[in-house]
Amino acid sequence: KPYKVNGAPAVYYITPDCKKQPIRDANVFFSHFESFNQVRVAGRSTIARIPDHPLRFLPWGPRREVPNGSLVKTVDNPKVYLVIDGGANPIGSEQIFLELGLKSEWIEDVAPSVIEKLAVKPEITGVGNFPASLVFKYPFSPAVYTLEKRTDGAIEKKQISTIEEVKSKYRLDRLPVLPEVVSFPDAVPSAVAVTPA
């Protein structure tokens with residue numbers, strides 16, 4: 001349950017084993033609870049007697065909507081997941097993490113229930129199984145691409161033409177920059193039907 005001291009702004013989450021975690025962000029609060037009306041008021045001495053939880057913050061909760069391109073993990077497991085198309089793609093190693101052009105500061109700590117509501121997909125083990133719908137760019141180029149899977153299972157890249165399309169597919173603040181050595185064949189443009197005159 002969330003608690004606060006009357007007249008004080010700080011809100012704490014009291015865990016089932018009666019330890020307190022500060023809720024440092026309103027967005028995090030609403031990822032757990034529907035309304036500030038759920039916050040209970042307790043005396044200052046009562047809150048002070050509750051021991052601090054070893055984790056000095058509250059992770060994102062089960063109401064958190066996780067957009068494409070998010071990186072998530074739980075506080076008790078170092079496994080990092082890349083979220084794409086409603087699925088959690090485990091990243092196989094630190095080397096793969098770097099090959100994907102990702103940054104550690106993009107990782108968000110979430111409650112286990114956040115990952116549980118996502119479809120867990122196969123582990124990303126290398127360039128050969130980078131997930132379809134990954135959106136990325138290369139250094140020194142403004143072009144942005146997405147990966148698509150062909151009917152034979154092969155992966156190819158397709159350039160995205162507008163910023164609006166990028167925004168509809170992926171988080172702009174999590175856009176990976178792949179090393180130039182990580183390359184993919186270009187998608188073959190679809191044939192355009194021509195109507196006879």
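FYI, the numbering just counts along the sequence from 1. Basis for what follows: all heavy atoms, side chains included, without hydrogens, waters or symmetry-related copies.
- Taking a cutoff of 4.0 Å between a charged side-chain nitrogen and a carboxylate oxygen, K19 and D52 do not qualify as a salt bridge.
- Residues F130 and V177 do not share a hydrophobic cluster, defined by chaining ILVMFWY side chains whose heavy atoms lie under 4.5 Å apart.
- Considering all non-hydrogen atoms of both residues, V75 and P59 come closest at CG1-CG, 3.9 Å.
- Residues satisfying the side-chain contact (heavy atoms from CB on, under 4.5 Å) test with A154, not counting sequence neighbours, are R150, D152.
- Side chains of Q21 and L55 form a contact here, defined as non-hydrogen atoms less than 4.5 Å apart.
- The hydrophobic clustering, which links ILVMFWY residues whose side-chain heavy atoms are closer than 4.5 Å, places F184 and L82 together.
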Show me, pair by pair, the donor-acceptor contacts under 3.5 angstrom made by side chains of residues 133-141, not counting sequence neighbours?
unit_1, atom_1, unit_2, atom_2, d
S133, OG, D85, OD2, 2.6
K137, NZ, S141, O, 2.8
Y138, OH, V182, O, 2.6
S141, OG, A143, N, 3.3

Next item on the list: Begin with the C-alpha distance, continue with both residues' side-chain angles, and end with the deciding distance and a verdict on side-chain contact (heavy atoms from CB on, under 4.5 Å) for K1 and Q38.
Entry: CA-CA 8 Å; K1 304 288 185 183; Q38 294 176 262; over 6 Å; no
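- Residues that satisfy the side-chain hydrogen bond (donor to acceptor under 3.5 Å, both in side chains) test with N6, not counting sequence neighbours, are absent from this structure.
- V80 and L71 get closest at one heavy-atom pair: CG1-CD2, 4.1 Å.
- Using modelled atom types, one finds a donor on one side chain and an acceptor on the other under 3.5 Å when comparing S70 with R171.
- Taking all atoms of both residues into account, the shortest heavy-atom contact from Y170 to G69 is CZ-CA, 3.3 Å.
- Of the residues listed (L100, V83, I84), the one engaging N89 in a side chain to side chain contact (heavy atoms under 4.5 Å, CB included) is I84, and it is the only one.
- Within a 6.0 Å sphere centred on CZ of R63, heavy atoms belonging to other residues, nucleotides or ligands number more than 12.
- Residue V11 comes nearest to P2 through the heavy atom pair CG1-CB, 4.1 Å, listed as atom of the first residue, atom of the second, then distance.
- Atom OG1 of T146 is separated from atom NZ of K158 by 9.0 Å, given to the nearest 0.5 angstrom.
- Judged by a 6.0 Å distance limit and a 45° cone about the ring axis, K157 is positioned over the six-membered ring of Y145.
- Residues W106 and V72 do not share a hydrophobic cluster, defined by chaining ILVMFWY side chains whose heavy atoms lie under 4.5 Å apart.
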Margin query: As a quick check of understanding, evaluate side-chain contact (heavy atoms from CB on, under 4.5 Å) for I163 and K167, giving each step before the final call.
Written below: CA-CA 6 Å; I163 191 68; K167 289 178 181 178; 4.1 Å; yes
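- Contacts classified as ring pair (Phe, Tyr, Trp, His ring centres under 6.0 Å) and involving residues 36-86 (residues at least two apart or in different chains) are given here: F29-F36, F30-F36.
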Show every donor-acceptor pair shorter than 3.5 Å between a side-chain atom in residues 109-125 and any protein atom, with sequence neighbours excluded, or say none if there are none.
unit_1, atom_1, unit_2, atom_2, d
D109, OD1, K73, NZ, 3.3
K117, NZ, P62, O, 2.9
K117, NZ, R64, O, 2.7
E123, OE2, K79, NZ, 2.9
T125, OG1, N129, OD1, 3.4

Check: Please walk me through it: do E108 and R174 pass side-chain contact (heavy atoms from CB on, under 4.5 Å)?
Finding: CA-CA 12 Å; E108 301 174 22; R174 298 288 188 272; 3.5 Å; yes
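- When all heavy atoms of I160 and K169 are compared, the closest pair comes out as CD1-CD, 3.8 Å.
- Both I107 and L172 sit in one connected hydrophobic cluster of ILVMFWY residues. Membership requires side-chain heavy atoms under 4.5 Å apart, directly or through other members.
- For T162, the side-chain contact (heavy atoms from CB on, under 4.5 Å) partners at least two apart in sequence or on another chain are E164, E165.
- Using a 4.5 Å cut-off on side-chain heavy atoms (C-beta onward), I47 and Y3 make contact.
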Margin query: Working note: V127 + I96, criterion side-chain contact (heavy atoms from CB on, under 4.5 Å); need CA distance, chi angles, decisive distance, verdict.
Written below: CA-CA 8 Å; V127 175; I96 303 303; over 6 Å; no
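- Note that CG of L178 is 7.5 Å distant from CG of L147, once rounded to the nearest 0.5 Å.
- A distance of 14.5 Å separates NZ of K20 from CG of L58, quoted to the nearest 0.5 Å.
- A distance of 5.5 Å separates CD1 in I23 from CZ in F33, rounded to the nearest 0.5 Å.
- When all heavy atoms of P16 and Y13 are compared, the pair lying nearest together is CD-OH, 4.1 Å.
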